[in-house]
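Working notes, structure below.
Quick caveat, the model's predicted, so the values are computed rather than measured. Residues: numbered from 1 along the sequence shown. Excluded from the calculations below are hydrogen atoms, water molecules and symmetry mates; all remaining heavy atoms, backbone and side chain alike, are included.
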Amino acid sequence: MPSLPRHLRKIGHVFVDESMIDAPMTHRVRERLAQGGRADIPWTVVPPDQDRVEFERGETQALYLKEYKGKFLRFCPGTRAYHCCGYRIIHIGENCPMACSYCILQAYFQDRVLKIWANQDALFRELADGFGADRNTRYRVGTGEFTDSLALEHLTGYSRNLVEFLEDYDNVVLELKSKVVDLSWMEGATRTDRVLPAWSLNAPFINEHEEFDVSTLTERLEAARTCAEAGFRVCLHFDPIIRFDGWREGYAEIIDRIFDYVKPDQIAYMSLGSFRCMPQLNPIIEDRFPETNYIYNEFVPGLDGKARLLRPLRVEQFKFMVDRLRKHGMEEQLYFCMESTGVWNEVFGYAPGDFGGLGKRLMARAFGE
């Protein structure tokens, strides 16, 4: 196994719950760290149910292999005030080793601890009970809500484990959403119709100035092409769309580049979401990313308590991007993440209620219908 990817090189300490010392995940992470040249990283065993771990500031980041005792299968934390895509979350861990200025995880997890749920046996039992209870009930699930789906894959193999486990469930489609490239999970996949590899994209300026320790846009698009050529349908996400000087040229460039790598019929769906944030995120961005200035745009409180770009400004960006995507043959693949009926009608000329609901459409797209 090669040396650790750049986004994992800041890990300087590993903590493990006392109950997880002999877990397969613990042995795997220890072995892969050693193979990556980091056998010297200190390990500390901690008592069960410990909320916080303490480590030296110079160690930058820590891994915490934890026995998770909550629900692994969850609903997406949307709000009724806006149209939610309705997917379900498979909760595999918390926090992210990359550094994107706009990331809401900074407000959720204000530490440098990357938590991995090491009790996979409990996770798979819960999923088997849920997905197996009624094989006629379909699920569109993903792991990229409270962490990046692939950021820790080099150490954990979590996504590959999930792909292999879900091969037995015809009623489940798994989306793996990431800003890095790790395609090792493909080795465990025998069905291309039940996994949706997904990447977040943004304008080149945002990628260069607001996203750190991530794969380049070219690397992500090349990975999408690799997956598409292997028979997988991919998902792409523009969320958050950010307003900055030159945004039209920037988003036009990345939109046009997409179709140098994949065809519209190889894309299951694509989300568009404007930058929005909880009130407590702004001071974090100001402190950690002092060069960032998009947070000083014109924002108003949304119905979900998050600050949103003024509607006319959001709609202007949405219309520009949707028009550009339509010229490339995109329509049914497109949807808004957490927007109102009014915005849908103003940009698309229709709303989710006109086609039976957003969740229903995306479920059909996920299952290739």
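A donor-acceptor pair under 3.5 Å is formed between the side chain of N95 and the backbone N or O of V113. Under a 3.5 Å cut-off, the side chain of R288 and the backbone N or O of S101 do not form any donor-acceptor pair. Side chain of N171 to main chain of T137: a donor-acceptor pair is present (N/O by atom type, distance under 3.5 Å, no hydrogens or angles).
Screening V234, V163, V173, L166 for a side-chain contact (heavy atoms from CB on, under 4.5 Å) with V195, the sole residue that qualifies is V163. When F124, Y139, F165, F72 are each tested for a ring-ring contact (aromatic ring centres under 6.0 Å, His included) with F131, only one passes: Y139.
Side-chain contact between T26 and I21 is absent, with no heavy atoms from C-beta onward closer than 4.5 Å. Between F238 and I255, some side-chain heavy-atom pair lies under the 4.5 Å cut-off. Using a 4.5 Å heavy-atom threshold, the side chains of F289 and Q106 count as touching. R326 places a side-chain heavy atom less than 4.5 Å from the side chain of F348. Counting heavy atoms from C-beta outward, M363 and Y87 have side chains that stay 4.5 Å or more apart. Side-chain contact between L221 and W199: absent, with no pair of heavy atoms (C-beta onward) separated by less than 4.5 Å. Taking 4.5 Å as the limit, some side-chain heavy atom of L65 sits within range of a side-chain heavy atom of W43. You'll find the side chain of L325 reaches within 4.5 Å of the side chain of F259, heavy atoms only.
Remark: R88 pairs with no residue by the side chain to side chain donor-acceptor pair (under 3.5 Å) rule, at least two apart or across chains.
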Verdict with supporting geometry, R140 and Y269, side chain to side chain donor-acceptor pair (under 3.5 Å): CA-CA 12 Å; R140 183 173 66 91; Y269 47 77; 3.1 Å; yes

Worked verdict on R191 versus D168 for salt bridge (Lys or Arg N to Asp or Glu O under 4.0 Å): CA-CA 10 Å; R191 297 185 59 172; D168 294 332; over 6 Å; no

R365/Q333 under side chain to side chain contact (heavy atoms under 4.5 Å, CB included): CA gap, chis, key distance, verdict: CA-CA 8 Å; R365 296 288 313 173; Q333 302 97 322; 3.2 Å; yes

Stepwise ring-ring contact (aromatic ring centres under 6.0 Å, His included) check, W185 with F232: CA-CA 13 Å; W185 58 268; F232 295 92; 5.2 Å; yes

Stepwise side chain to side chain contact (heavy atoms under 4.5 Å, CB included) test for F355 and E332: CA-CA 10 Å; F355 50 74; E332 298 231 339; over 6 Å; no

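Counting heavy atoms of neighbouring residues, nucleotides and ligands inside a 6.0 Å radius, atom CG of D129 exceeds 12 of them. No more than 12 heavy-atom neighbours from other residues, nucleotides or ligands sit within 6.0 angstrom of CD on E291.
Salt bridge E316/R243: present, at least one basic N to carboxylate O contact under 4.0 Å. In this structure, K66 does not pair ionically with E94, as no charged nitrogen and carboxylate oxygen lie closer than 4.0 Å.
A parallel orientation is assigned to the rings of F244 and F205, their planes being inclined by less than 30° (bins at 30° and 60°).
Here the straight-line distance linking atom CG of L201 with atom CG of L236 works out to 5.0 Å at 0.5 Å rounding.
In the model, T143 has a side-chain atom that pairs as donor or acceptor with a side-chain atom of S149 under 3.5 Å. A donor-acceptor contact closer than 3.5 angstrom links the side chains of R257 and T218. A donor and an acceptor atom, one from each side chain of S184 and D182, are located under 3.5 Å apart.
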